[in-house]
Structure formats: C-alpha cells, structure tokens
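Quantities reported herein were computed from a predicted structural model and do not represent experimental measurements.
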Amino acid sequence: MTQQGAALQNYNNELVKCIEELCQKREELCQQIQQEEEEKQRLQNEVRQLTEKLARVNENLARKIASRNEFDRTIAETEAAYLKVGLRAAQAAWVQILESSQTLLSVLKREAGNLTKATASEQKSSVGKDS
C-alpha cells in the first residue's frame with residue numbers, strides 16, 4: 001500500500017504542478033490580451049484622430065480648389081476682356097490710321113491740284129510775257 005500511496009502522491013504532485021503551469025500560462029495569456037487590448041484602443045484613437053484630421057484636410061483642400069477654380073475663371077474672363085479691349089484698340093487705331101490716311105490723301109490731292117493750277121498759271125503768264 002505504501003507503493004500505491006507514493007504513486008498517488010506522485011500523481012497528485014504532478015496534477016498540482018500541471019494546474020499551476022496552466023494557471024501561469026493563463027496569466028501570461030491574460031497579460032498579452034490586456035496589452036493587445038490597450039494597443040487596439042491606442043490604434044483606434046489614432047485612427048479616429050487621423051480620420052478627423054483627414055476630414056479637416058479634405059475640407060481645406062475643397063475650399064482651396066474652389067478658390068483656385070474661381071481664380072482660373074476670373075483670369076480667363078479678364079484675359080478675354082483684355083484681348084477684346086486690345087482688339088478694339090487695334091481696330092480703333094486702324095480706323096484712325098485709315099481716316100488720317102484718307103484726310104492726308106485728300107489734302108495731298110487738293111494741294112497737288114493747287115500746285116498744278118499754280119504751275120499752269122505761271123506757265124501761261126510766262127508764255128504770255130515771252131510772246
């Protein structure tokens with residue numbers, strides 16, 4: 001019986017040792033779970049903060065893009081108006097040049113006619129004096 005008692009004692013000791021090892025492994029696992037839950041919480045907070053930051057950046061970006069588009073529209077309209085004014089100014093300048101040319105031509109023709117008449121009169125009076 002003592003052998004049986006010793007065997008029972010050995011089994012009992014091994015059983016207690018196994019239970020203690022299982023409890024130790026469970027405790028280690030609980031610590032790992034706690035650490036990972038804390039890491040999960042930290043990452044969720046980071047994701048929330050980054051999501052909020054992304055939303056702010058997207059809002060700012062949308063406002064800036066809208067402003068840039070407004071600049072583009074204003075620049076295009078201004079350039080078109082400037083070209084139109086430049087074209088009108090060029091047309092007005094051409095009209096002025098044309099009018100000035102017509103006036104100059106009229107004056108030139110009149111003066112040429114006057115000079116022709118004056119020359120013809122002088123030739124007639126010279127011819128009359130020579131005869």
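Between the CG atom in L8 and the CG atom in N13 there is a gap of 9.5 Å [rounded to 0.5 Å]. We find the NZ-SG distance between K25 and C18 to be 9.0 Å, quoted to the nearest 0.5 Å. Distance check: F71 CZ to K64 NZ gives 12.0 Å after rounding to the nearest 0.5 Å. One distance of note links CH2 of W94 with OG of S101; it measures 9.0 Å at 0.5 Å rounding. We find the CG-CD distance between L43 and E36 to be 10.5 Å, quoted to the nearest 0.5 Å. Separating the NZ atom in K17 from the CG atom in N10 is a distance of 11.5 Å, to the nearest 0.5 Å.
For the pair R68/D72, a side-chain contact is recorded, criterion being any heavy-atom separation below 4.5 Å from C-beta on. Side-chain contact between E37 and Q41 is absent, with no heavy atoms from C-beta onward closer than 4.5 Å.
A salt bridge is defined here as a Lys NZ or Arg NE, NH1 or NH2 lying under 4.0 Å from an Asp or Glu carboxylate O, and E38 with R42 fails to meet this definition.
In this model, no donor atom of one side chain and acceptor atom of the other lie less than 3.5 Å apart for N45 and Q49.
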### Task
Test side-chain contact (heavy atoms from CB on, under 4.5 Å) on Q35 and E39 and set out the steps.
CA-CA 6 Å; Q35 288 174 349; E39 177 71 6; over 6 Å; no

### Message
Applying side-chain contact (heavy atoms from CB on, under 4.5 Å) to R48 and T51, what does each step give before you reach the verdict?
### Response
CA-CA 5 Å; R48 182 186 49 78; T51 301; 5.7 Å; no

### Message
Working note: Q32 + L29, criterion side-chain contact (heavy atoms from CB on, under 4.5 Å); need CA distance, chi angles, decisive distance, verdict.
### Response
CA-CA 5 Å; Q32 291 173 358; L29 188 59; 3.8 Å; yes

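Atom CD of E46 is surrounded by more than 12 heavy atoms from other residues, nucleotides or ligands within 6.0 Å.
Annotation: salt bridge (charged side-chain N to carboxylate O under 4.0 Å, His left out) contacts of E77 (sequence neighbours excluded): R73.
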